[in-house]
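Only one structure is covered here, and it is reproduced in the block below.
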Amino acid sequence: MSVRTRFAPSPTGFLHIGGARTALFNQLFARRHGGQYLLRIEDTDKARSTQEAVEQILESLAWLGLSPDEPPVFQSQRAARHAEVARELLARGRAYRAYETPEELAAMRERALAEKRPPRYDGYWRDREPGPAEAGKPFAIRIKAPLEGETVVEDLVQGTVRVKNAELDDMIILRSDGTPTYLHAVVVDDHDMGITHVIRGDDHLTNTFRQCVIYDAMGWRRPHFAHIPLIHGADGAKLSKRHGAVSVLEFREQGFLPEAVCNYLLRLGWGHGDEEIISRERAERLFDIADVGRAAARMDYAKLTHLNGVYLRRADPEALLPEVMRRLARGGLAFGTEKAARVRALLPALQERAKTLAELAESAAFAVTDGAPAPDAKAAALLTPEARARLADLAEFLSALPDWNRADLEHWLRDYAEVKGVTLKEVAQPLRAALTGSTTSPPIDVTLEALGRGEALGRMLAAAEPPPE
RNA sequence: GUCCCGUUCGUCUAGAGGCCUAGGACACCAGCCUUUCACGUUGGCAGCACGGGUUCGAAUCCCGUACGGGACGCCA
């Protein structure tokens, strides 16, 4: 049987980074085994599910290259089927009608907790026929869990996990309003979708036993299960907003590359020897769910950022250009083709120095301003009266160059420094301050060339003037 | 309260009884490279949670303890 996996988020909010990893593992596992990776939107909770969330999840997955191999299944549209299976279980005597109201059950649970007993349903209606008093009363359908023995799950990640059936109670599979509960809907859908491997967060591990009851009652073959650990924040607690970015789209906004995010997520909880940089293609060949660790991993933004820098350096500058332009334009900088050309010329040198697209755009900003940006404190300190005089002199010297290209510029700059009896650094740093308003930039020859003769000389002369008081 | 799961440098991990005086990566510190910043490079810091077994030999196997996480809903 061909492998089929699925990612099943509920659209009650944005897709967070932990969900993305679950999706990634599902896709990689399916690809590794030549199978399909599907998506099911678990939107049975009408009150909390939103269309915006659905769209955000789809967009997040698409950005990460984790779009499913088949159109997504919407759980809410399968309600009739869920009810049908519940009725079948009832007909087969594997489930029964229970007439307690939600309020009564809540009271029972509270009492149990107060008496320090496990809050389990007592099975009151399990072997009882409804009497005249129940006629017309709403009822929920509960499944009959086995009373003796134990349920064993061979989890691909967690290993053999077993629980005594006495620990299991008869859970509700169909609510009194006819809608299915989560546990029930998942089993029916996974079965109908032909899911062979359920790969999900380990917060579902104990749910698995209860789902097995349904599989067994229907006589359905249980899928293989793999429960992967959750991602935690830097402090070890469940990942949440206060730890920084958690939404996938937030990472995109902050300028992370999808390949870098996936590579990072892959290495979180999984490793292949000492390899750190692993392409998607390679991951599809190497990934084995059995190698995933059993302990929760902590989100490390510093490492993600480093990895992003690696991918950014390797990226094709032309592919990066539109996004950099977009960010510059959004930053309120208007510019035409001439300025765009400067950015393009600078990009290869800039991308070596940036860790994120946000940084990249920021570092390119000086090229599209009108004249040099106002110097920052360090740059201003470099523009001493002496340095300004030198800039004027240097501008005159450079204006005489027959060609304006990087190689010549470097040559003549070195020559100039030697003639003046100063180090190249003493020439380059004030020049950098004049051109970029900053003490850091790509190599000075590259910067000069990218700005173009007119703009570069103009900025030098402007900086040569005494600063306004 | 009951049940389930986990624990190797600060973080992510390699490690499947001798190859481990525990390897790599990020972060951090110091040096080198250098026109700045990055990159690169050299070196450093730092870990098998604890206690018992088993064994000639344990990070690796077993048991307990501690600590962390998760589940116990007519939520998903």
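Since this is a predicted model, take the numbers as computed values, not measurements. So you know, we letter chains A, B, ... as the sequences are listed, proteins then strands, and number each from 1.
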Pairing partner of [N] (Watson-Crick or G-U wobble, both distances under 3.5 Å):
N	result
B:G73	none
B:U54	none
B:G68	B:C5
B:C28	B:G44
B:U35	none
B:U21	none

Identify, with sequence neighbours excluded, every residue that meets ring pair (Phe, Tyr, Trp, His ring centres under 6.0 Å) alongside [X].
X	value
A:Y264	none
A:F74	none
A:Y301	none
A:H197	A:F29, A:H224

Margin query: Give me the distance, rounded to whole Å, that separates B:C33 from B:C50 when you measure between the P atoms they each carry.
Written below: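 These two P atoms come out 43 Å apart once rounded.
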
Between the protein and nucleotides 41-48 of chain B, list every N/O to N/O distance that falls short of 3.5 Å.
none

Atom [atom1] of [X] to atom [atom2] of [N]: distance rounded to whole Å?
X	N	atom1	atom2	value
A:L304	B:U13	CG	P	14 Å
A:L307	B:A27	CG	C1'	14 Å
A:F225	B:C4	CZ	P	18 Å

Just to verify, what does [X] make a side chain to side chain donor-acceptor pair (under 3.5 Å) with, not counting sequence neighbours?
X	answer
A:E449	none
A:D202	none
A:Q77	none
A:S279	A:E281

Check: Does A:R267 or A:K303 map to a spot on RNA chain B nearer the 5' end, using the closest nucleotide for each?
Finding: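 This one resolves to A:R267.
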
Next item on the list: Compute the ring centroids of A:F25 and A:F7, then answer whether they are less than 6.0 Å apart.
Entry: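 No; A:F7 has its ring centre 6.0 Å or more from that of A:F25.
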
Check: What is the per-nucleotide protein-contact pattern of nucleotides 62-76 of chain B, from the 5' end, where B denotes a base atom under 4.0 Å from a protein heavy atom, S denotes such proximity for sugar-phosphate atoms only, and - denotes neither?
Finding: -------SBSBSBBB

Checklist line | nucleotides 35-40 of chain B: protein proximity per nucleotide (B base, S sugar-phosphate only, - neither; heavy atom, under 4.0 Å) | finding: BBBBS-

Item checked: Minimum side-chain heavy-atom gap A:L38-A:V73 below 4.5 Å ->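 Side-chain contact under 4.5 Å: no.
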
Notebook entry, point to check: Which part of the nucleic acid does A:E167 contact within heavy-atom distance under 4.0 Å: base, sugar-phosphate only, or nothing?
Noted result: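 Sugar-phosphate: the residue A:E167, judged by heavy atoms under 4.0 Å, touches backbone atoms but no base.
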
Checklist line | Side-chain donor/acceptor contact of A:E276 with base of B:G24 under 3.5 Å | finding: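 Such a pair exists between side chain and base.
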
Next item on the list: Give every residue pair that meets the ring-ring contact (aromatic ring centres under 6.0 Å, His included) criterion with at least one member in residues 137-189 of chain A, sequence neighbours excluded.
Entry: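 For residues 137-189 of chain A, and leaving out neighbouring residues, the ring-ring contact (aromatic ring centres under 6.0 Å, His included) pairs sorted by first residue read A:Y99-A:F139, A:Y182-A:H204.
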
Margin query: Check this for me: does any side-chain nitrogen of one of A:E115 and A:R111 sit under 4.0 Å from a carboxylate oxygen of the other?
Written below: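 Looking at A:R111 together with A:E115, the answer is no, because their closest N to O distance does not fall below 4.0 Å.
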
